[in-house]
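Step one of this worksheet: look at the structure below.
Because only heavy atoms are used, hydrogens play no part in the values below, and waters and symmetry mates are left out as well, while side chains stay in. Each residue takes its place number in the sequence, starting with 1. Whatever order the structure lists ligands and atoms in, that order sets their numbers, starting from 1.
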Amino acid sequence: MQLIHTVAELRARLASEKAVAFVPTMGNLHEGHIELVRLARSRGSCVVVSIFVNPLQFGPNEDFDKYPRTLEADCEKLQGLADVVFAPAVTDMYPEQQTLFVEPPPIASELCGEFRPGHFRGVATVVLKLFNQVQPQVAVFGKKDYQQLAIIRSMVTQFNLPILIVGAETTRAADGLALSSRNQYLSAEERTEAAFLSQILSGMGETLKGGAVGYVAREREAAAALAKRGWQVEYVSVRKQADLGVPGEAERRLVILVAARLGKTRLIDNIEVCL
Ligand code: PAF
């Protein structure tokens, strides 16, 4: 496995590769990331993992400064799994002040976008830059960031990028909590409570499969159940898998998405429901 820091070195290393499978990350790798890398390995002959904490996708009061940076440990985890780890410096990623951006679609202002203005513009911009730098044939993203995945898929389609986007299932702890680098911000007590987030989604999923309609009422019930246990709920929302639009009653392929804070930690999760 080769650790590369500059775009020039990356281009030289990948020049003769024909089947690059790419996993973009912000590092602090856990088993969820490793699953993405394994999936990438099954999709390409050269696996590239990028590690870059992207300032453009963090709001002024978010955790950019305290986001865990653990490059050495990450590289150890990737030994034997990735061929290249690309860890550019901020000055390499943004050689001049970024004044051109990918303007994401209107859905980027809903759900997480409502609470993190500008977040998906920062994500789409850095992912486009990473795609230009790595020039992969395949790129793997986790379904845990469902809205991000949907926006990246649209970007690839609308900008005619020759990249196959693969969505990977969410990796969960034994109690159901979706793995996330931010889980480490939780206190022991909060970590126990955090499992409730996936439980409420599974329960709601079963209710919908049982024929319940009136999604707004179901969303309110779930939000109230979370709030009662001390969560600060940003949203619980039933959407269409296809485009994250609000579903009509005839829609069969749904996804339930949630974002809520436990203490100072913001957690997101989702579950796909096929009726
Ligand atoms: O999902 C992430 O870790 C980030 O949003 C990504 C895709 C690496 C862009 O910075």
Under 3.5 Å side-chain donor-acceptor pair for Asp175 and Gln199: no

Val126: numbered ligand 1 atoms lying under 4.0 Å from its heavy atoms: 9 (C), 10 (O)

Mode of Thr25 contact toward ligand 1 - side chain, backbone, both, neither (heavy atoms, under 4.0 Å): backbone

Donor + acceptor pair across side chains of Ser180, Arg182 (<3.5 Å): no

Nearest-contact summary for atom 7 (C) of ligand 1 - protein heavy atom, Å: Gln148 NE2, 3.5 Å

Test: Arg69 cationic atom under 6.0 Å from Phe52 six-membered ring centre, within 45° of axis: no

Heavy atom of the protein closest to atom 9 (C) of ligand 1 (residue, atom name, distance): Gln57 OE1, 3.3 Å

Nearest neighbour in protein (non-hydrogen) for atom 3 (O) of ligand 1: Met26 CG, 3.6 Å

Tyr67 side chain reached by Phe58 side chain, heavy atoms, under 4.5 Å: yes

Pairwise side-chain contact, Val236 with Leu226, heavy-atom cut-off 4.5 Å (strictly under): yes

